[in-house]
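To find a chain, count down the sequence lines: A is the first, B the second, and so on, and within it residues start at 1.
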2 protein chains.
Amino acid sequence: MSTSKPTIHDVASLAGVSKSLVSLALSGSKKVSEKSRERILAASESLGYRRNAAARSLAVQRSQTMGVLILDLHNPVFAEILDGVQSELRDYGYSTMLVTGGKDPVLEKTEIDSLLQFQIEGLILISHRLSSRELTKIANEVPTVTVTREDIISSALDTVCNDDVAGARLAVDHLVSLGHSKIVCLSGGDNPVSHSRVQGYRLAMQQHGKETFASVVSGGLTDATGYQAAIQALSQKPTALFVANDIAAMGAIAAIEEAGLSVPADVSVVGYDGISLGALRSVNLTTIAQPLDELGRLAAKALVQRIKSPGSKSQHIRVSSKLVVRGTSAAI
Amino acid sequence: MSTSKPTIHDVASLAGVSKSLVSLALSGSKKVSEKSRERILAASESLGYRRNAAARSLAVQRSQTMGVLILDLHNPVFAEILDGVQSELRDYGYSTMLVTGGKDPVLEKTEIDSLLQFQIEGLILISHRLSSRELTKIANEVPTVTVTREDIISSALDTVCNDDVAGARLAVDHLVSLGHSKIVCLSGGDNPVSHSRVQGYRLAMQQHGKETFASVVSGGLTDATGYQAAIQALSQKPTALFVANDIAAMGAIAAIEEAGLSVPADVSVVGYDGISLGALRSVNLTTIAQPLDELGRLAAKALVQRIKSPGSKSQHIRVSSKLVVRGTSAAI
DNA sequence: CCCTTTCGTTGGAACGTTCCAAAAGTATGC
DNA sequence: GCATACTTTTGGAACGTTCCAACGAAAGGG
């Protein structure tokens with residue numbers, strides 16, 4: 001760090017060639033003679049030369065970088081989706097710039113703004129808190145894919161989601177097949193994802209001819225809200241709970257155990273999301289697992305494709321989730 | 001997106017001024033007349049103009065961006081540290097570029113390389129798998145701070161860590177004060193962090209005159225390794241376990257319960273890290289909590305300071321962790 | 001031996017910004 | 001009314017790269 005960073009000129013003069021030839025050699029062009037290539041590579045190596053991505057992106061008018069906004073790093077669901085996004089984008093030769101909004105819509109906007117200043121070529125929102133207006137505005141400026149939310153649909157926007165209605169149905173099917181009837185649903189509060197899951201629950205209960213037992217207690221997507229909702233639900237003496245997400249399900253389990261009941265002997269619990277946490281031995285949660293990694297990969301793929309052919313109409317991909325039976329559900 | 005992005009020239013000609021004045025106005029200089037400023041802002045707004053960060057960073061020779069490498073997004077410890085890093089850096093006016101190595105040293109290197117191409121001004125490694133050689137090389141190229149690891153010390157490098165020896169001592173003190181003597185330690189395997197924690201355990205046992213009871217079972221930092229180690233440890237009939245991290249502690253608890261014992265009635269368990277997961281009602285883990293957010297903030301601060309005065313000698317900050325008593329530890 | 005082709009190489013322009021020196025405009029003092 | 005000072009504005013250079021048109025050299029064909 002004593003002197004300033006070496007540039008392509010430094011490499012050129014050390015190798016005794018022009019900067020243009022260095023540029024050619026470094027990008028692997030075959031028009032460069034073997035002799036020159038070797039000298040250039042050696043010079044570049046010995047100087048510790050690194051391409052300046054800013055200058056490059058200015059010259060080629062492409063940043064080779066995608067922006068990713070993640071709603072909240074603490075919720076493992078999002079982190080697991082991110083993994084899929086990143087590894088797929090890497091394969092396509094894109095770098096990733098990640099920001100968090102920390103659940104704050106205002107911060108979210110300024111962070112996206114900063115991404116746009118970096119001339120990102122595309123944007124992936126792993127959930128978000130933006131209004132429909134803001135989202136459309138952003139999507140008109142840069143190719144955008146939202147993961148996890150399919151409520152805001154715009155022609156400028158691709159979406160990747162799991163089928164929440166079908167997923168909820170799987171949960172109910174499973175519990176019914178174990179002999180349960182008094183299955184109470186703990187909703188995830190007032191948000192589009194939770195609504196679909198509740199709807200799936202109702203539909204399934206109906207199909208099994210158990211609509212008289214159907215009962216929804218309103219909760220939330222956190223440990224604490226799951227706990228509270230479970231306490232309320234227990235007064236109805238259910239034999240099983242279907243909870244809107246895994247984290248809330250963990251809260252619910254705590255409430256059940258504190259009430260002196262045991263899971264799954266007295267009450268079965270099925271969650272939703274399939275976070276890797278649920279696979280831990282001490283949690284061991286039966287759940288409807290979204291293919292989180294795949295969700296991320298699909299989002300990345302959709303984005304890349306959309307960039308390649310900007311005219312194509314927007315995709316709305318829906319993948320199916322599957323039941324993973326673990327230790328919190330059992331026959332009645 | 002129909003036409004290409006507006007540049008500063010477009011704004012200038014719409015406002016009827018020179019590009020230089022636009023640049024001045026946009027950076028909030030007070031040498032711009034009120035009239036011009038208004039016209040420029042209006043023009044910029046109506047065109048949806050955004051500064052090109054690449055061009056800017058080329059011109060000012062500063063990227064205003066820091067790079068962050070995170071070992072593994074799935075481990076909540078790192079995500080929580082990251083949060084501190086990001087919010088602190090934001091306050092200093094830096095953007096953050098985040099990459100993951102996915103625990104793979106080779107990938108880690110290429111990802112850091114890509115960060116360096118973006119002319120990041122500093123680098124924060126939230127744990128890593130680099131060799132001492134590689135790390136020093138990188139640190140010589142760009143100001144670097146490592147969080148969580150203090151084993152590799154170089155004059156080019158700042159480090160931010162918690163005091164693992166003292167933390168482990170807190171755990172033992174707590175268990176002893178509850179009347180425990182047969183306290184077995186489940187190590188976190190062969191890594192510097194785990195070594196310090198085991199060492200702290202031994203020291204504390206000695207100080208309490210319980211060295212005859214001291215026993216270390218080698219485990220790891222994952223759920224599965226914690227589970228395995230606990231099974232082994234149980235053959236020694238301990239009344240308490242001190243486990244090298246929270247995740248492994250959760251595995252250990254599962255093993256204890258499967259053995260027909262109950263936590264904390266039969267065996268107390270204390271973990272290490274203080275991940276927010278441990279606060280969930282169904283986990284409710286007694287642990288030695290590192291100030292994760294603060295760790296991140298301190299790393300960011302150290303990095304900024306180091307950039308401001310590049311000559312100053314390297315800092316090695318160590319913060320203390322504290323005991324958080326929850327439901328997995330009880331009197332004998 | 002000259003004309004064409006091919007290969008390897010080169011200088012200069014361009015990308016969008018900031019910064020500087022200097023120009024233009026406006027106010028102040030005598 | 002003119003020199004002086006101060007405020008506002010401007011064109012051009014610079015940042016490090018890529019791309020293009022054009023160049024010289026070597027090779028091949030007649």
Side chain to side chain contact (heavy atoms under 4.5 Å, CB included) between A:L82 and A:I126, worked out: CA-CA 8 Å; A:L82 177 62; A:I126 303 182; 4.0 Å; yes
Non-hydrogen atoms of A:V77 and A:D273 that approach each other most closely: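 Closest approach of A:V77 to A:D273, heavy atoms only: CG2-OD2, 3.3 Å.
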Have B:E80 and B:S276 got a donor and an acceptor in their side chains that come within less than 3.5 Å?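 Yes, because at least one side-chain N or O of B:E80 sits under 3.5 Å from a partner of the opposite role on B:S276.
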Specify the closest pair of heavy atoms between B:L26 and B:Y49, including all atoms of both residues, with the distance to one decimal.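 Looks like CD2-CE2, 3.4 Å.
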Walk along DNA chain C from 5' to 3' and tell me the first and last nucleotide with an atom closer than 4.0 Å to a non-hydrogen atom of chain B.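 First-to-last contact on DNA chain C, by the 4.0 Å heavy-atom rule, is C:dG16 to C:dC19.
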Which pair of heavy atoms, one from B:I40 and one from B:A25, lies closest together, and at what distance?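 For B:I40 and B:A25, the tightest heavy-atom pair comes out as CD1-CB, 3.7 Å.
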Is the closest side-chain donor-acceptor distance between A:T100 and B:Q86 under 3.5 Å?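 Yes - a donor-acceptor pair under 3.5 Å links their side chains.
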Search all heavy atoms of A:D10 against all heavy atoms of A:P6 and return the closest pair with its distance.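 Closest approach of A:D10 to A:P6: OD2-CA, 3.1 Å.
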Start at the 5' end of DNA chain D and walk down; is the nucleotide closest to B:E34 or to B:V60 reached first?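 Result of the comparison: B:E34.
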Report all interatomic pairs (protein N or O, nucleotide N or O of nucleotides 9-11 of chain D) with separations under 3.5 Å.
{"unit_1": "D:dT9", "atom_1": "OP1", "unit_2": "B:S33", "atom_2": "OG", "d": "3.2"}
{"unit_1": "D:dT9", "atom_1": "OP1", "unit_2": "B:S36", "atom_2": "OG", "d": "2.4"}
{"unit_1": "D:dT9", "atom_1": "OP2", "unit_2": "B:S33", "atom_2": "N", "d": "3.2"}
{"unit_1": "D:dT9", "atom_1": "OP2", "unit_2": "B:S36", "atom_2": "OG", "d": "3.4"}
{"unit_1": "D:dT10", "atom_1": "OP2", "unit_2": "B:S18", "atom_2": "N", "d": "2.8"}
{"unit_1": "D:dT10", "atom_1": "OP2", "unit_2": "B:S18", "atom_2": "OG", "d": "3.2"}
{"unit_1": "D:dG11", "atom_1": "N7", "unit_2": "B:S20", "atom_2": "OG", "d": "3.0"}
{"unit_1": "D:dG11", "atom_1": "O6", "unit_2": "B:S20", "atom_2": "OG", "d": "2.7"}

Separation between OG1 of B:T146 and CD1 of B:I138, rounded to the nearest 0.5 Å: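 The OG1 atom of B:T146 sits 11.5 Å away from the CD1 atom of B:I138.
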